[in-house]
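First comes the structure, then the notes that go with it.
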Amino acid sequence: MLADEERIQRIIEHHEREAEDESKREIGEDPLYDGIAWSSIEPFLPKQGRILDAGGGAGVWSVRLAEKSECSIVLFDIAHRLLTTATTRLKALKLSGRVDVLIADIRVIPHLGDSFDFVLCEGDPIAICGDSEKAVSELSRVLKPNGYLAAGLDSTIFRAFKALTSGASLDDVIELLRTGRSPAEDGALFESKSFTPTEFASLAKKHGLEMVRVAGRPIGFGSEMLDVFVSAIPIDLRREIFRENERPRLLNFLRQVYEEPYLAAVGSHLLVVAKKVAWDGK
Ligand SMILES: C[S@@+](CC[C@H](N)C(=O)[O-])C[C@H]1O[C@@H](n2cnc3c(N)ncnc32)[C@H](O)[C@@H]1O
């Protein structure tokens, strides 16, 4: 296992390499992945108050939150270059006055308890930060009672499916299902943790959060995407669907499937929403 400092350095380097691409990314480019996230987030957003965008990277979600609410927003991340990209983006959109950008670690959030009306932690910061439990505990601590946390996570069930399709041994797949841990190898620079919805619900509960919604979010909507439903369509038909005007209909079908909570875990990613019901500070 990597020492914490080296691991953090690798996370920063990995994400900072994406700063250039991230500066051009906009919410909605992946209509399935982003669309399901937004339809899970929007109903729980406060009209006014303070929002935290934890591990918010280049600020794509902070922009969306600033545009769609009257809230003030705090965006933090550990990757300095991404925050510079976020600052430039916010300035260009004349949103700098609405979003405070700072460097911070999700495992030691520098804010007082009960500071935010809504917390977003999208794109796996909980999974990759090295201590998911500490991250969830901190996110819960800074959330006000009755506020909502929306978090993007990797799905263990999908990882197990992917491992099976790439010929992993049954022992390895069963171990993956048990721990949700994928080691820093096979091209990955750092270990990451995935979740089943049940596992996340029980971690959240331990920290005073009650899970109120879960949806699946396959990534990379397109004919080559690795998804149980899309890859089940014969390849010629699949290409035809994506070439023709059938694309929106497939998109709607998949949205309906993955917004069904009992199927969520089949998607590569999850979007979970949990309400703060109690927190005893331990
Ligand atoms: C895939 S990116 C997602 C960024 C953004 N939330 C989004 O959805 O576009 C994951 C982010 O988590 C950040 N991150 C990883 N570990 C972190 C930590 N310990 N504290 C704060 N941010 C962290 C990374 O720097 C990166 O920006």
Side-chain angles (χ1 to χ4, degrees), residues 2-30 32-38 40-41 51-68 73-90 99-111 116 118-142 149-155 182 184 188-195 215 217 219-220 268-273:
L2 294 172
D4 192 53
E5 211 172 303
E6 186 181 349
R7 169 199 182 81
I8 289 288
Q9 204 43 46
R10 286 191 181 194
I11 292 172
I12 293 174
E13 279 167 22
H14 171 79
H15 287 96
E16 290 198 336
R17 252 180 259 136
E18 294 171 354
E20 172 76 29
D21 289 344
E22 282 294 301
S23 68
K24 296 175 200 128
R25 182 161 82 93
E26 279 178 28
I27 298 304
E29 276 173 13
D30 187 329
L32 188 57
Y33 184 78
D34 293 340
I36 292 176
W38 182 241
S40 302
I41 293 168
I51 294 179
L52 174 64
D53 183 5
V60 279
W61 280 103
S62 281
V63 167
R64 169 61 67 102
L65 296 168
E67 286 174 343
K68 298 285 182 186
I73 295 157
V74 173
L75 155 65
F76 76 67
D77 201 283
I78 43 164
H80 188 265
R81 263 191 76 194
L82 287 178
L83 294 177
T84 307
T85 303
T87 305
T88 309
R89 184 201 299 270
L90 291 162
V99 186
D100 281 340
V101 177
L102 56 123
I103 199 139
D105 190 320
I106 195 178
R107 299 167 302 174
V108 216
I109 300 178
H111 293 84
F116 297 96
F118 183 88
V119 174
L120 177 66
C121 191
E122 162 55 349
D124 306 330
I126 292 174
I128 61 179
C129 71
D131 190 341
S132 304
E133 171 133 21
K134 189 74 195 348
V136 172
S137 151
E138 279 291 90
L139 294 168
S140 177
R141 180 182 65 77
V142 297
L149 161 71
L153 307 165
D154 272 327
S155 164
S182 299
L189 286 171
F190 39 85
E191 187 190 82
S192 72
K193 168 87 184 88
S194 55
F195 291 88
R217 298 163 70 206
I219 197 162
S268 57
H269 294 72
L270 304 171
L271 197 297
V272 295
V273 182

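Start at 1 and go down the list; that is how both ligands and their atoms are numbered. Residues: numbered from 1 along the sequence shown. If you're wondering where the values come from, they're calculated on a predicted model, not measured in any experiment.
- The distance from atom CD1 of I41 to atom CH2 of W61, rounded to the nearest 0.5 Å, is 4.0 Å.
- Ligand 1 lies out of reach of D124, whose nearest heavy atom is not under 4.0 Å from it.
- Using a 4.0 Å cut-off to heavy atoms of V60, the atoms of ligand 1 that qualify are 9 (O).
- In terms of protein heavy-atom proximity, atom 16 (N) of ligand 1 is closest to I78 CD1, 3.6 Å.
- Separation of atoms CG (L52) and CG (D100) is listed at 11.0 Å; rounding is to 0.5 Å.
- A salt bridge links R25 with E22: the closest approach of a Lys/Arg side-chain nitrogen to an acidic carboxylate oxygen falls below 4.0 angstrom.
- From the protein, the heavy atom lying nearest to atom 6 (N) of ligand 1 is E122 O, 2.6 Å.
- Going from atom OG of S40 over to atom CG of L271 covers 4.5 Å, rounded to the nearest 0.5 Å.
- Close approach of ligand 1 to L82 is summarised as follows: ligand atoms under 4.0 Å from at least one heavy atom of the residue are 27 (O).
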* Chi angles and distances behind the salt bridge (Lys or Arg N to Asp or Glu O under 4.0 Å) call for R217, E122 -> CA-CA 12 Å; R217 298 163 70 206; E122 162 55 349; 2.6 Å; yes
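- Atoms of ligand 1 lying under 4.0 Å from any heavy atom of W61, numbered from 1 in the order shown and given with element: 7 (C), 8 (O).
- Using a cut-off of 4.0 Å between Lys/Arg side-chain N and Asp/Glu carboxylate O, R10 and E6 are scored as salt-bridged.
- The nearest heavy-atom contact from the protein to atom 12 (O) of ligand 1 is P125 CG, 3.5 Å.
- Under a 4.0 Å criterion applied to the non-hydrogen atoms of I128, ligand 1 contributes the atoms 15 (C).
- Remark: D105 does not engage K134 in a salt bridge, criterion side-chain N to carboxylate O under 4.0 Å.
- Of all protein heavy atoms, the one closest to atom 4 (C) of ligand 1 is G55 O, 3.4 Å.
- In the candidate list A104, G123, C129, A104 is nearest to atom 21 (C) of ligand 1, counting heavy atoms.
- Going from atom CG of D131 over to atom CD of E138 covers 10.0 Å, rounded to the nearest 0.5 Å.
- Considering CG of L120 and CD1 of I51, their distance stands at 8.5 Å, rounded to 0.5 Å.
- Distances from atom 18 (C) of ligand 1 to the heavy atoms of I106, D53, I11, D34 show the closest one on I106.
- In this structure, the protein non-hydrogen atom closest to atom 7 (C) of ligand 1 is R25 NH2, 3.4 Å.
- Ranking protein heavy atoms by distance to atom 19 (N) of ligand 1, first place goes to D105 OD1, 2.9 Å.
- Checked for salt-bridge contact, E18 and R81 miss the test: no charged N lies under 4.0 Å from a carboxylate O.
- Residue A79 has at least one heavy-atom neighbour below 4.0 Å for each of these atoms of ligand 1: 25 (O).
- Closest to atom 13 (C) of ligand 1, if we only count protein heavy atoms, is D77 OD2, 3.4 Å.
- The shortest heavy-atom distance from E18 to ligand 1 is not under 4.0 Å.
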